[in-house]
Amino acid sequence: LLKYEASSKPHKLAISAMKAGGLAPLCMNAANEVAVSYFLNGKLNFLQIEEVVGEILSAFENKYEYTLSDCLICDKEIRRKTEEYIKKGF
């Protein structure tokens, strides 16, 4: 049986992104989707997901005024950066 703890690192990352606002939640989601995809394909272990997402989120320069176009560009860029980070073997 798995035990969920509200103080877990993934939970803290999500809360941090939500509190930061702007494009931070988008960044976290995009990085998480890429990391989970690598996990599902056997290229990351489960615990590495939070490490990857945390690193990408901490390096992200947030933006608080943005358009839909900005969101789409940011999503694509974060996904690219996350893939590069994983492929370099972080």
Could you tell me whether K88 and E84 have a side-chain N and a carboxylate O separated by less than 4.0 Å?
no
Determine, step by step, whether M18 and I15 satisfy the side-chain contact (heavy atoms from CB on, under 4.5 Å) criterion, reporting the C-alpha distance in whole Å, the side-chain angles of both residues, the deciding distance to 0.1 Å, and the verdict.
CA-CA 5 Å; M18 289 188 320; I15 296 296; 3.6 Å; yes
Taking a hydrophobic cluster as the set of Ile, Leu, Val, Met, Phe, Trp and Tyr residues connected by side-chain heavy atoms closer than 4.5 Å, whether directly or through intermediates, do L47 and M28 fall within one such cluster?
yes
So, taking the atom named CG in N45 and the one named CD in E51, what distance separates them when rounded to the nearest 0.5 Å?
8.5 Å
Can you find a heavy atom in the side chain of F60 that is under 4.5 Å from one in the side chain of C74?
yes
Looking at Y64 and G21, what are the two nearest heavy atoms and their distance?
CE2-C, 4.0 Å
Taking every heavy atom of F39 against every heavy atom of L44, the minimum-distance pair comes out as CD1-O, 3.4 Å
Tell me, do K43 and I86 make a side-chain contact under 4.5 Å, heavy atoms counted?
no
When you measure from the side chain of N29 to the backbone N and O of P25, does any donor-acceptor pair fall under 3.5 Å?
no
Nearest heavy-atom approach of L13 to L57 is O-CD2, 3.9 Å
What's the spacing between R80 CZ and D75 CG if we round to 0.5 Å?
12.5 Å
Looking only at atom types and distance, does a side-chain atom of T82 sit under 3.5 Å from a main-chain N or O of I78, one as donor and one as acceptor?
yes
What are the two closest non-hydrogen atoms of L26 and C71, and how far apart are they?
CD1-O, 3.6 Å
Going from CD on E83 to CD1 on I56, what distance comes out if it is rounded to the nearest 0.5 angstrom?
10.5 Å
Beyond-backbone contact of E33 with V36, side-chain heavy atoms, under 4.5 angstrom
no
Would the distance check show the side chain of S58 and the main-chain N or O of G54 forming a donor-acceptor pair, the cut-off being under 3.5 Å?
yes
Spacing of E61 atom CD and C27 atom SG [to the nearest 0.5 Å]:
11.0 Å
What are the two closest heavy atoms between A20 and N62, and how far apart are they?
O-ND2, 3.8 Å
